[in-house]
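I have placed the structure first, in the form of structure tokens, so that the comments after it can refer back to it.
Quick caveat: nothing in here was measured; it's all calculated off a predicted structure. The first residue in the sequence is number 1, and the count goes up from there. Values reported hereafter were calculated over all heavy atoms of this structure, with side chains retained and with hydrogens, waters and symmetry mates removed.
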Amino acid sequence: MTARAATGRDTVRLTGLRARGRHGCLPAERELGQEFVIDVALSFDTAPAAAADDLTLTVDYGALAAELVRIVEGEPVNLIETLAERLAAACLAHELVEEAEVSVHKPAAPIPLPFGDVVVTIRRGRA
């Protein structure tokens, strides 16, 4: 047994997921919307899925991506911190996931100065 399998804490990452949402505090953000970029890292034991070569024993990242996009495209919130919490909850709703790290990028945030990105990253686990 490898050290990774012994700990039961492997990582599956989904990065650069793009979706259009209407999140923000300003009326223009709600009216026009903007692109958000989502990165998630899921911690769980992938050994059973790998041993059986069975998708049903892991987290289907394609299905998860669709769930996350629906959240971003759904009900607007003022803060990307709130959006990150909703996304983390969706990740943790998958029974296998022990911990989720979620980054929400808002590259078109209404900041009147040159900048590269605004990112909120949270880590949430099972209680």
Side-chain angles (χ1 to χ4, degrees):
M1 180 181 299
T2 66
R4 180 177 294 166
T7 65
R9 302 281 291 208
D10 303 315
T11 303
V12 172
R13 294 184 190 279
L14 172 62
T15 62
L17 182 64
R18 298 175 186 284
R20 191 160 185 84
R22 297 178 180 274
H23 310 288
C25 295
L26 301 178
E29 292 178 292
R30 295 294 179 100
E31 183 181 330
L32 302 173
Q34 61 190 289
E35 183 178 69
F36 293 84
V37 182
I38 308 303
D39 303 324
V40 298
L42 310 176
S43 295
F44 62 96
D45 185 2
T46 64
D53 195 27
D54 185 346
L55 179 62
T56 66
L57 298 177
T58 190
V59 175
D60 180 342
Y61 48 79
L64 177 64
E67 289 176 51
L68 299 178
V69 165
R70 280 192 298 276
I71 292 168
V72 174
E73 292 176 343
E75 181 185 350
V77 295
N78 289 330
L79 303 177
I80 58 175
E81 291 86 345
T82 306
L83 181 59
E85 286 287 348
R86 289 180 178 181
L87 297 167
C91 292
L92 290 170
H94 292 263
E95 184 179 320
L96 294 174
V97 177
E98 299 169 17
E99 184 177 80
E101 179 179 289
V102 176
S103 295
V104 177
H105 301 255
K106 190 175 180 180
I111 299 173
L113 299 165
F115 72 99
D117 198 1
V118 173
V119 184
V120 168
T121 300
I122 64 170
R123 286 170 205 82
R124 300 292 181 265
R126 299 202 176 274

Is there a chain of hydrophobic side chains (I, L, V, M, F, W, Y, each step under 4.5 Å between heavy atoms) that links Ile71 to Val97? yes
First locate atom OG1 of Thr11, then atom CD of Glu98, and finally report the distance between them rounded to the nearest 0.5 Å. 10.0 Å
Verdict with supporting geometry, Val40 and Leu87, side-chain contact (heavy atoms from CB on, under 4.5 Å): CA-CA 9 Å; Val40 298; Leu87 297 167; 5.6 Å; no
Kindly state each residue pair satisfying side chain to side chain donor-acceptor pair (under 3.5 Å) with at least one member in residues 56-66, sequence neighbours excluded. Asp54-Thr56
With rounding to the nearest 0.5 angstrom, report the CZ to CD distance, Arg124 to Glu99. 10.0 Å
Does Arg123 form a salt bridge (charged side-chain N to carboxylate O under 4.0 Å, His left out) with Glu101? I'd like the steps, not just the answer. CA-CA 4 Å; Arg123 286 170 205 82; Glu101 179 179 289; 2.8 Å; yes
Sole residue of Thr121, Asp117, Thr15 in side-chain hydrogen bond (donor to acceptor under 3.5 Å, both in side chains) with Ser103: Thr121
Please report the interatomic distance OG1(Thr46) to CG(Leu96), rounded to the nearest 0.5 Å. 10.0 Å
Under 3.5 Å donor-acceptor, Arg126 side chain and Leu92 backbone: yes
Contacts satisfying salt bridge (Lys or Arg N to Asp or Glu O under 4.0 Å) that involve residues 30-42 (not counting sequence neighbours) are Arg18-Glu35
Does Val72 form a side-chain contact (heavy atoms from CB on, under 4.5 Å) with Ile38? I'd like the steps, not just the answer. CA-CA 9 Å; Val72 174; Ile38 308 303; 4.0 Å; yes
Could you check whether any side-chain heavy atom of Val118 comes within less than 4.5 Å of a side-chain heavy atom of Ile80, counting everything from C-beta outward? yes
hydrophobic_cluster_shared for Val59 and Val69, side chain cutoff 4.5 Å: yes
Cys25 side chain reached by Leu79 side chain, heavy atoms, under 4.5 Å: yes
Decide whether Val120 and Leu14 are clustered together by the hydrophobic rule: side chain heavy atoms of Ile, Leu, Val, Met, Phe, Trp, Tyr closer than 4.5 Å, transitively. yes
How far apart are the closest heavy atoms of Glu67 and His94, and which atoms are they? OE2-NE2, 3.0 Å
Going from CZ on Arg13 to OG on Ser43, what distance comes out if it is rounded to the nearest 0.5 angstrom? 8.0 Å
Contact summary for Ala65 and Leu17, nearest pair of heavy atoms: O-CD2, 3.7 Å
What about Phe44 and Leu55, same hydrophobic cluster or not, with Ile/Leu/Val/Met/Phe/Trp/Tyr joined at side-chain heavy-atom distances under 4.5 Å? no
To the nearest 0.5 Å, what is the distance between CZ (Arg20) and CZ (Phe36)? 9.0 Å
Find out if a path of hydrophobic residues (ILVMFWY) with successive side-chain heavy-atom gaps under 4.5 Å connects Val37 to Leu83. no
Considering all heavy atoms of both residues, which atom of Leu57 and which atom of Ala49 are nearest to each other, and what is their separation? O-CB, 3.5 Å
Of all heavy-atom pairs linking Ala100 and Cys91, the shortest is CB-CB, 3.7 Å
Let me see the working for Lys106 and His23 under side-chain contact (heavy atoms from CB on, under 4.5 Å), right down to the final yes or no. CA-CA 10 Å; Lys106 190 175 180 180; His23 310 288; 5.6 Å; no
